[in-house]
Amino acid sequence: MQRRFLVTGGAGYVGSHLVAALAARGEHVVVLDNLRLGHRAAVPDGVDLVEADLADAPAVDAVLADGPWQAVFHFAARSLVGESMARPFEYLTENGSVGIRLVEACVRHGVARFVLSSTANVYGNPPVVPIPEDAPTATTSPYGESKLMIERALFWAARIHGLRYACLRYFNAAGADPAGRLGEDHTPETHLVPLAIDAALGRRPELVIFGDDYPTPDGTCIRDYVHVTDLAEAHLLALERLERGSITCNLGNGSGHSVREVIRTVEAVGGRPVPARLGARRPGDPAVLVAASDLIRRETGWTPRFAALTEIVRTAYAWREAHPDGYAS
Ligand code: UFG
């Protein structure tokens with residue numbers, strides 16, 4: 001019998017790449033998405049789309065009742081750290097409380113496997129770099145807190161009800177489907193890679209570099225960029241790993257790149273300059289965020305295929321050139 005998977009937020013950036021990977025394996029996928037941040041065009045033919053909000057408990061119940069589900073992948077969330085500082089309670093309720101209710105509903109409907117899209121933001125300003133999974137969680141934002149709320153709910157769902165879960169803490173998701181079908185389309189866009197590409201393509205007047213007085217070699221912040229297709233692959237491997245028990249792990253390449261390095265890479269890949277000017281620091285940005293990614297590699301055999309920053313930028317660039325207005329193009 002064909003296995004069925006429910007993917008919340010499957011019309012969004014990372015979720016859509018997982019949906020494509022599942023569909024390519026011949027799995028039956030149902031996407032639950034309110035399409036507020038997601039895109040109908042990101043859902044491939046043959047994948048069912050249920051357009052509903054996760055806060056709509058009867059709608060969520062109806063979908064879950066239509067099982068059995070091999071697993072639920074939970075991506076649907078707001079994910080802007082800065083916005084969460086301005087609207088903390090929206091994040092704590094719309095991501096956190098709603099996510100906990102989803103976990104509860106999954107338990108009630110007999111879902112046995114759950115994979116959570118979590119974030120490196122749970123660590124806050126890390127005490128050690130690269131950050132291991134046993135570093136204390138000390139998030140500095142309601143966004144990170146909202147993901148921790150769900151991680152904790154999963155811990156208790158496992159302990160009390162036997163649910164198996166994977167919490168996947170992403171570092172900086174970037175890049176686009178190498179086949180060119182899917183890519184990054186956020187409104188507003190706040191992420192470095194697409195903003196630098198848009199500046200190179202003349203779709204934005206300039207990129208503002210948020211500070212160059214950090215304690216890093218060139219003074220700009222260092223991040224661990226990880227390709228969205230590699231993230232999708234890690235979800236599939238984590239799902240298999242659940243047969244041996246729950247897991248919480250980082251998803252990053254384990255190497256960091258500064259903002260200036262990203263700009264230089266965008267310039268090299270596109271052959272066009274990135275107009276950039278120096279601006280103030282963005283509040284809340286840690287200087288360096290790099291993952292210790294040994295756990296996922298050891299436990300699942302995950303080997304990122306697009307680990308090189310050039311590959312990440314190349315696929316993002318190709319998508320943006322072909323889709324200057326994102327999915328509306
Ligand atoms: N940056 C700029 N200018 C910009 C945008 C970003 O200089 O216009 C810098 C930021 O200061 C940061 C780096 O580029 O140093 C990356 O910024 P992003 O906004 O692309 O990503 P963040 O590191 O802030 O956050 C991302 C996700 C979070 C997640 C985090 C985990 O958006 O959800 O990675 O590492 F929690």
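None of the values given here were measured: they were computed from a predicted structure.
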Roughly how far, to the nearest 0.5 Å, is the [atom2] atom of [Y] from the [atom1] atom of [X]?
X	Y	atom1	atom2	result
W302	C249	CH2	SG	9.0 Å
R264	E267	CZ	CD	9.0 Å
Y214	S258	OH	OG	13.0 Å

Residue pair H39, D33: steps toward the side chain to side chain donor-acceptor pair (under 3.5 Å) verdict: CA-CA 9 Å; H39 306 275; D33 201 302; over 6 Å; no

Would you tell me whether [X] and [Y] have side-chain atoms, one donor and one acceptor, within less than 3.5 Å of each other?
X	Y	result
H74	T8	yes
T310	R314	no
E151	T248	no
D218	T220	yes
N253	H227	no

Indicate the atoms forming the closest heavy-atom contact of [X] with [Y], along with that distance.
X	Y	result
G124	P286	O-CG, 4.2 Å
A199	P275	O-CD, 3.5 Å
D325	D185	O-OD2, 4.2 Å

R152 to F155, cation-pi by 6.0 Å centre distance and 45° axis angle: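 Flagged: R152 positioned over aromatic ring of F155.
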
Donor-acceptor pair, side chain of [X] and main chain of [Y], under 3.5 angstrom:
X	Y	answer
T300	A238	no
R281	D213	yes
D224	G254	yes

Residue list, ring pair (Phe, Tyr, Trp, His ring centres under 6.0 Å) with H257, at least two apart or on another chain: none

Those residues that, when tested against R78, pass side chain to side chain contact (heavy atoms under 4.5 Å, CB included) (two or more places apart): R36, L37, E83, R87, E90, Y91, E94, N95

In terms of side-chain geometry, is the basic nitrogen of [X] or [Y] positioned less than 4.0 Å from the acidic oxygen of its partner?
X	Y	value
E321	R272	yes
E299	R244	yes
R320	E184	no

Aromatic centroids of Y13 and H191 separated by under 6.0 Å: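 Between H191 and Y13, the centre distance exceeds or equals 6.0 Å.
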
Residues that D53 engages under side chain to side chain donor-acceptor pair (under 3.5 Å), provided they are two or more places apart: N34

